[in-house]
Student: 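Before I ask anything, here is the structure I am working with.
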Amino acid sequence: MGSAPTTVRTHFTIGEIAREFGFTLRALRFYEEKGLIRPRRTGNRRLYSAADRQRLEIIAKCKKVGMPLDDIRDILGVGNDVANDPARSERMLDKMLTRLDALTEEKARIHDYTQEALLLIADLKAKLGRAA
């Protein structure tokens, strides 16, 4: 009663990658055009490697927090040369921390705007004679 051997997939289609990360096919082609990923071509088909998947996972996370494409490109490059260029890695860390600061400030502004909106709603309800 042995278990069936498991196979680790080494390549994925553009459709599989698009579904997994929520990218459009156009976005994947764009990232390829910009040199962020390098899928293997077989005829008209693109086959994405495990390394491409890892890069796309980083791209997805960076896009989610609003990182610009140039910074994403730099972040992807950092993994390859951290030991060789610690100053570059420090710059990328600084960029990520700057982005975190910007998101934190944006969150605070949204909180303030939400509080203002709630006050306006309460004021309007009071003027209309409705219970707050």
Student: When you look at R41 and E32, which way does the side chain to side chain contact (heavy atoms under 4.5 Å, CB included) test go after all the steps?
Tutor: CA-CA 11 Å; R41 294 294 198 99; E32 179 183 359; 3.4 Å; yes
Student: Enter the distance from D101:CG to E106:CD here, rounded to the nearest 0.5 Å.
Tutor: 13.0 Å
Student: Just wondering, do E20 and Y48 contact through their side chains at under 4.5 Å, heavy atoms?
Tutor: no
Student: Could you report the tightest heavy-atom contact between K34 and R73, atom names first, then the distance?
Tutor: O-NH2, 3.4 Å
Student: In terms of side-chain geometry, is the basic nitrogen of R55 or D52 positioned less than 4.0 Å from the acidic oxygen of its partner?
Tutor: no
Student: Side-chain heavy atoms nearer than 4.5 Å, only ILVMFWY residues, links allowed to pass through others: does that put L36 and M96 together?
Tutor: yes
Student: If I compare all heavy atoms of E57 with all of F21, which pair ends up nearest, and what's the gap?
Tutor: CA-CE2, 3.6 Å
Student: Do K125 and I121 make a side-chain contact, defined as non-hydrogen atoms from C-beta onward lying under 4.5 Å apart?
Tutor: yes
Student: Please report the shortest heavy-atom distance between A18 and L25, naming the atom on each side.
Tutor: CB-CD2, 3.8 Å
Student: Side chains of F30 and L69: does their closest heavy-atom pair fall under 4.5 Å?
Tutor: yes
Student: Do you know the tightest heavy-atom contact between I72 and M67?
Tutor: CD1-O, 3.6 Å
Student: Does atom CZ of R26 have more than 12 heavy-atom neighbours from other groups under 6.0 Å away?
Tutor: no
Student: Side-chain contact test, heavy atoms from C-beta onward, threshold under 4.5 Å: evaluate it for L28 versus L56 and give yes or no.
Tutor: yes
Student: Hey, mind stepping through L97 and L93 against side chain to side chain contact (heavy atoms under 4.5 Å, CB included) and telling me if it holds?
Tutor: CA-CA 6 Å; L97 290 170; L93 178 59; 4.0 Å; yes
Student: Looking at every non-hydrogen atom in both residues, tell me the closest pair between E16 and T13 and how far apart they are.
Tutor: OE1-N, 2.8 Å
Student: How long is the straight-line distance from CD1 of I58 back to CD1 of I37, given to the nearest 0.5 Å?
Tutor: 12.5 Å
Student: Measuring from atom CD1 of I17 to atom CZ of R19, what distance do you get when rounded to the nearest 0.5 angstrom?
Tutor: 10.0 Å
Student: When rounded to the nearest 0.5 angstrom, what distance separates NE2 in H11 from OG1 in T42?
Tutor: 9.5 Å
Student: Atom NZ in K107, atom CG in L103: separation rounded to 0.5 Å?
Tutor: 10.0 Å
Student: Of all heavy-atom pairs between R46 and P39, which one has the smallest distance, and what is that distance?
Tutor: CB-CB, 4.1 Å
Student: Looking at CD of E105 and CG of L100, how far apart are the two atoms once the value is rounded to the nearest 0.5 Å?
Tutor: 10.0 Å
